[in-house]
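These notes are about the structure you will find just below.
Just the heavy atoms: all of them, side chains too, but no hydrogens, waters or symmetry mates, feed the values below. Sequence lines set the chain letters: A, B, ... in the order given, protein chains first and strands last, and positions in each chain run from 1.
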Number of protein chains: 4
Amino acid sequence: MGRPTNTDERREQIVLGLQQVMAERGYEKATIAAIAEAAGLTAGLVHYHFGSKHEILLCLIERLAESWRARAAAAEGRSPRERLAGLIDAWLALGEGASPGAVASWVALGAEAVQQPEIRQLYAAVASEATESLESAVSAVLRAEGRTTRHGRAIAAGLMAAVQGYLQLGVATSGVVPRGTAAATLKTMAFGALDAQGRRA
Amino acid sequence: MGRPTNTDERREQIVLGLQQVMAERGYEKATIAAIAEAAGLTAGLVHYHFGSKHEILLCLIERLAESWRARAAAAEGRSPRERLAGLIDAWLALGEGASPGAVASWVALGAEAVQQPEIRQLYAAVASEATESLESAVSAVLRAEGRTTRHGRAIAAGLMAAVQGYLQLGVATSGVVPRGTAAATLKTMAFGALDAQGRRA
Amino acid sequence: MGRPTNTDERREQIVLGLQQVMAERGYEKATIAAIAEAAGLTAGLVHYHFGSKHEILLCLIERLAESWRARAAAAEGRSPRERLAGLIDAWLALGEGASPGAVASWVALGAEAVQQPEIRQLYAAVASEATESLESAVSAVLRAEGRTTRHGRAIAAGLMAAVQGYLQLGVATSGVVPRGTAAATLKTMAFGALDAQGRRA
Amino acid sequence: MGRPTNTDERREQIVLGLQQVMAERGYEKATIAAIAEAAGLTAGLVHYHFGSKHEILLCLIERLAESWRARAAAAEGRSPRERLAGLIDAWLALGEGASPGAVASWVALGAEAVQQPEIRQLYAAVASEATESLESAVSAVLRAEGRTTRHGRAIAAGLMAAVQGYLQLGVATSGVVPRGTAAATLKTMAFGALDAQGRRA
DNA sequence: GATGAATGAGCGTTCATTCAT
DNA sequence: AATGAATGAACGCTCATTCAT
């Protein structure tokens with residue numbers, strides 16, 4: 001009896017709709033009507049499946065985080081240097097995957113994080129998680145090479161910053177970053193910094 | 001004869017008002033009323049001195065760019081390595097100067113650049129200018145050390161990306177970047193990458 | 001042959017749901033979803049058993065009227081003065097009976113009657129019926145005491161007004177009417193007015 | 001310099017607009033658009049002069065209260081019985097004065113008081129104030145006639161209830177209360193009740 | 001009978017912009 | 001120059017109602 005639920009699919013559609021619209025216009029201008037249209041639904045239905053626009057954003061964050069985690073997981077089980085390189089690729093190859101709006105919506109999310117405390121917390125949590133995984137890889141390299149791990153966290157944060165900056169420049173400018181150089185250059189910077197760390201006694 | 005014009009001061013006030021409000025809320029939520037209040041003026045007067053909210057934003061971009069140029073100029077006339085370090089400081093010390101909202105408003109501007117073509121163009125022009133000055137410094141170092149300058153632009157773009165990422169993480173997260181490590185770590189990464197560039201025959 | 005109908009019980013549940021929600025929020029804010037929840041049903045089912053929200057209200061009026069009639073019937077067969085006192089109790093004891101929401105929903109109904117012609121008519125019909133029964137009791141007292149019945153209707157209307165006012169002040173204020181004084185005071189006013197009616201020649 | 005303010009007049013217009021629309025449709029259905037139209041303004045302007053619809057309601061309450069106070073003041077300085085009669089008239093003659101919507105909006109307000117705590121408090125405060133002035137008049141009569149004032153408050157509350165009930169029946173029914181009998185009948189009930197109070201030793 | 005998705009009109013409110021003073 | 005009223009087009013959200021299952 002009764003009608004089978006389709007909320008999961010609808011919510012998925014709606015979150016993807018937000019991702020798409022947000023990539024083009026940012027969160028504020030991602031109106032419910034625009035999200036609904038992108039999702040092929042009506043505005044009323046969006047509010048049937050989500051209590052508020054804010055709630056959709058929370059779902060999008062989780063989705064983007066999960067997508068990154070899946071990419072990062074591919075770097076596990078390799079040598080220290082390869083693992084670090086893989087984690088960098090997990091971020092910088094974000095746009096080459098399925099959804100073209102993922103990078104742009106992540107960048108827009110970073111702007112919302114400045115203003116909305118709850119978003120800030122969730123965004124910072126993902127950034128922290130990512131930085132910690134970078135730190136783990138950085139330290140593994142340093143240990144394997146007998147170097148001090150004293151600046152491991154700082155270097156990981158620097159790599160995370162570079163990654164976020166690359167994504168941002170990628171969607172907000174044209175020509176500033178030469179095509180196809182991001183990942184390789186960042187690896188050069190990363191290993192250059194690692195090579196500069198002193199040997200332990 | 002009428003009263004002497006005070007348009008320049010008023011425009012300055014208004015632009016600073018936008019900077020302040022934008023730093024806290026972003027561009028969309030920076031209402032004319034809020035800008036006016038931050039500037040100590042009335043909403044109507046804002047539109048007397050500026051045709052539109054968009055026009056204020058254009059002025060703010062120019063202001064932020066000019067502020068950066070002034071900081072960057074301080075790096076001129078030094079040794080290649082010191083000049084590069086000085087350019088990095090010109091960006092990362094942005095927040096330590098006069099206005100606390102400069103960094104946050106620049107980050108918010110980066111988000112607007114994704115969406116508004118005209119803003120994108122101006123934002124990209126500043127980013128390009130900055131990247132070129134970085135490239136000039138990077139190449140100077142490489143030339144001075146007899147290294148290939150082939151990847152000069154890519155490295156400069158990487159430094160620019162890292163700078164922007166540091167600024168963004170700084171205003172959008174807490175604890176991801178260890179306090180006070182940004183400039184030193186980025187210089188380590190920069191020189192590490194430069195040291196990795198091959199010697200010319 | 002299909003399942004046996006349970007429409008009557010369902011309608012009863014729904015009407016009670018409206019009574020409960022209306023007592024707390026009034027008719028406008030008594031959403032179908034809230035009524036359904038109060039009734040332990042789903043929103044869709046409410047519209048299966050009732051064509052519209054308005055229709056539920058019509059049923060509630062009849063229910064409240066019937067409940068009053070039952071209380072009023074208890075006053076029959078007594079002496080004139082006791083009958084009048086019993087009718088007053090039939091109204092003012094409304095809240096002491098089964099449903100705590102009956103009084104509040106009746107008061108809310110009175111507000112709707114101002115606005116909706118159809119509700120107004122039904123509400124006025126109940127009020128008229130009640131006033132007529134009061135008038136009948138008032139006149140019986142007057143006749144028994146050899147007084148003029150000229151102002152019987154006016155006095156009955158005054159008693160009805162006082163009853164409605166007591167109910168309204170009871171749900172809309174605290175402390176205005178001293179606890180437990182309503183019925184006794186109204187009877188004092190009623191008999192005081194009756195005693196003031198002149199003797200017939 | 002600058003434009004002279006007209007906020008006071010506009011707010012007055014808007015409050016009267018709410019009174020009028022609320023009298024016809026109740027508070028919930030008194031949309032900002034309807035209020036604006038009744039006031040001869042646009043919807044946007046209503047929110048320029050009032051922060052919210054709720055705030056307009058608060059102003060209306062104060063206005064209605066003030067109007068009642070002015071009427072009640074006319075009863076001062078007379079004999080005890082005349083003062084009591086004057087206070088009853090102050091309420092029941094409400095509709096015969098300037099605004100035909102005053103009574104209906106007061107009744108609608110009473111319905112809102114059941115639901116909205118803040119409105120309830122203000123409504124109850126006015127009702128309390130009015131009941132206290134009735135009690136003062138009632139007690140004056142009783143004292144002047146050497147009767148016990150023990151039930152003064154209860155009688156005053158009963159009169160207040162009757163007043164509110166008359167107003168309510170007046171706007172929600174037709175024919176229940178015979179035209180023109182309200183004030184006289186209530187006075188009969190009031191004095192009848194007073195006459196029934198025992199003499200002090 | 002019953003469920004829950006779906007619709008669409010309408011709500012209070014916001015806000016850039018215009019204009020009278 | 002400056003003020004503050006005025007406009008009108010959104011926006012996020014609510015909700016009675018309809019309909020597919």
Side-chain angles (χ1 to χ4, degrees), chain A residues 1-11 28-36 40-56, chain B residues 2-7 9-10 28-36 41-56, chain C residues 2-7 9-10 28-36 40-56, chain D residues 1-7 9-11 28-36 40-56:
Chain A
M1 215 181 328
R3 183 169 172 167
T5 189
N6 63 352
T7 286
D8 287 347
E9 302 132 72
R10 285 286 181 258
R11 283 175 68 100
E28 297 300 330
K29 291 175 124 171
T31 67
I32 296 289
I35 295 168
L41 307 172
T42 63
L45 193 53
V46 170
H47 272 102
Y48 178 79
H49 291 291
F50 281 97
S52 68
K53 184 179 161 183
H54 184 248
E55 200 182 309
I56 312 176
Chain B
R3 73 196 88 184
T5 185
N6 60 357
T7 287
E9 302 141 63
R10 286 284 181 261
E28 298 301 330
K29 290 178 136 170
T31 68
I32 296 288
I35 296 167
L41 306 173
T42 63
L45 195 52
V46 170
H47 265 96
Y48 179 82
H49 291 291
F50 283 95
S52 69
K53 184 179 161 184
H54 184 248
E55 200 180 303
I56 312 174
Chain C
R3 71 194 92 184
T5 187
N6 60 355
T7 286
E9 301 141 65
R10 286 286 181 256
E28 298 301 329
K29 290 178 136 170
T31 67
I32 295 288
I35 296 167
L41 307 173
T42 63
L45 195 52
V46 170
H47 265 96
Y48 180 82
H49 290 291
F50 282 95
S52 69
K53 184 178 161 185
H54 184 248
E55 200 181 306
I56 312 174
Chain D
M1 215 180 331
R3 182 169 175 168
T5 190
N6 62 352
T7 286
E9 301 132 73
R10 286 285 181 260
R11 284 174 67 101
E28 298 301 329
K29 291 176 124 170
T31 68
I32 296 291
I35 296 167
L41 307 172
T42 62
L45 192 53
V46 170
H47 272 101
Y48 178 79
H49 291 290
F50 281 96
S52 67
K53 184 180 163 184
H54 184 248
E55 200 181 307
I56 312 175

Subject >> Paired nucleotide for F/dC13 [Watson-Crick or G-U wobble; both distances under 3.5 Å] >> reply: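 With both distances under 3.5 Å, F/dC13 matches E/dG10.
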Subject >> Complement of F/dT21, any strand, by Watson-Crick or G-U distances under 3.5 angstrom >> reply: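 Checking every strand shown, F/dT21 finds its partner in E/dA2, with both distances under 3.5 Å.
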Original post:
Within the distance-only criterion (no hydrogens, no angle test), does the side chain of A/Arg11 pair as donor or acceptor with the backbone N or O of A/Phe50 below 3.5 angstrom?
Top reply: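 No, the answer is negative, given that no donor and acceptor are paired below the 3.5 Å cut-off.
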**OP:** Please answer whether the main-chain N or O of C/Ala30 pairs with a side-chain N or O of C/Lys53 as donor and acceptor at a distance below 3.5 Å.
**Re:**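 Yes; judged by distance alone, with no hydrogens or angles, the pair exists.
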**OP:** Output the distance between atom CD1 (D/Ile32) and atom OG (D/Ser52), rounded to the nearest 0.5 Å.
**Re:**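 Atom-to-atom, D/Ile32:CD1 and D/Ser52:OG are 8.0 Å apart.
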Subject >> Nearest-0.5 Å distance, OG1 of residue D/Thr42 to NE2 of residue D/His47 >> reply: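 These two atoms lie 11.5 Å from each other.
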Could you give the [atom1]-to-[atom2] distance, from [X] to [N], as a whole number of Å?
X       : N      : atom1 : atom2 : result
A/His54 : F/dC13 : NE2   : P     : 10 Å
D/Lys53 : E/dT14 : NZ    : P     : 15 Å
D/Ile32 : E/dT13 : CD1   : P     : 6 Å
B/Glu28 : F/dC11 : CD    : P     : 11 Å
D/Lys29 : E/dG12 : NZ    : P     : 13 Å

**OP:** Using the P atom on both, measure F/dT21 against E/dG1 and round to a whole Å.
**Re:**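 Straight-line distance between the two P atoms is 22 Å.
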Polar pairs (N or O, both sides) under 3.5 Å between protein and nucleotides 3-7 of chain F?
residue: F/dT3; atom: OP2; partner: B/Thr42; partner atom: OG1; Å: 3.2
residue: F/dT3; atom: O2; partner: D/Arg3; partner atom: N; Å: 2.9
residue: F/dG4; atom: O3'; partner: D/Tyr48; partner atom: OH; Å: 3.3
residue: F/dG4; atom: N2; partner: D/Arg3; partner atom: NH1; Å: 3.0
residue: F/dA5; atom: OP1; partner: D/Thr5; partner atom: OG1; Å: 2.7
residue: F/dA5; atom: OP1; partner: D/Thr7; partner atom: OG1; Å: 3.0
residue: F/dA5; atom: OP2; partner: D/Tyr48; partner atom: OH; Å: 2.0
residue: F/dA5; atom: O3'; partner: D/Asn6; partner atom: ND2; Å: 3.4
residue: F/dA5; atom: N7; partner: D/Tyr48; partner atom: OH; Å: 3.3
residue: F/dA6; atom: OP1; partner: D/Asn6; partner atom: ND2; Å: 3.3
residue: F/dA6; atom: OP1; partner: D/Arg10; partner atom: NE; Å: 2.9
residue: F/dA6; atom: OP1; partner: D/Arg10; partner atom: NH2; Å: 2.4
residue: F/dA6; atom: OP2; partner: D/Arg10; partner atom: NE; Å: 2.8
residue: F/dA6; atom: OP2; partner: D/His49; partner atom: NE2; Å: 3.2
residue: F/dT7; atom: OP2; partner: D/Thr42; partner atom: OG1; Å: 2.9

Subject >> For D/Arg10, all residues meeting salt bridge (charged side-chain N to carboxylate O under 4.0 Å, His left out), sequence neighbours excluded >> reply: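 Listed in chain order: nothing, the list is empty.
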**OP:** Name the residue closer to the 5' end of DNA chain E, choosing between D/Thr31 and D/Gly51 according to the nucleotide with the nearest heavy atom.
**Re:**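 Here D/Thr31 is the residue nearer the 5' end.
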Original post:
So, is C/His47 close to the F/dT17 phosphate, meaning a side-chain N or O under 4.0 Å from OP1 or OP2?
Top reply: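 C/His47 to F/dT17 OP1/OP2: side-chain N or O found under 4.0 Å.
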**OP:** Taking all heavy atoms of A/Ala43 and all of A/Ala33, pick out the closest pair and write down the distance.
**Re:**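 Heavy atoms only, the tightest pair is CB-CA, 4.5 Å.
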Original post:
So, for A/Leu41 and A/Leu45, which heavy atoms are closest and what is the spacing to 0.1 Å?
Top reply: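 Closest pair (atom of A/Leu41, atom of A/Leu45, distance): CD2-CD2, 4.0 Å.
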Original post:
Base, sugar-phosphate, or nothing: which does D/Ala30 touch, judged by heavy atoms less than 4.0 Å apart?
Top reply: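 The residue D/Ala30 makes sugar-phosphate contact but no base contact.
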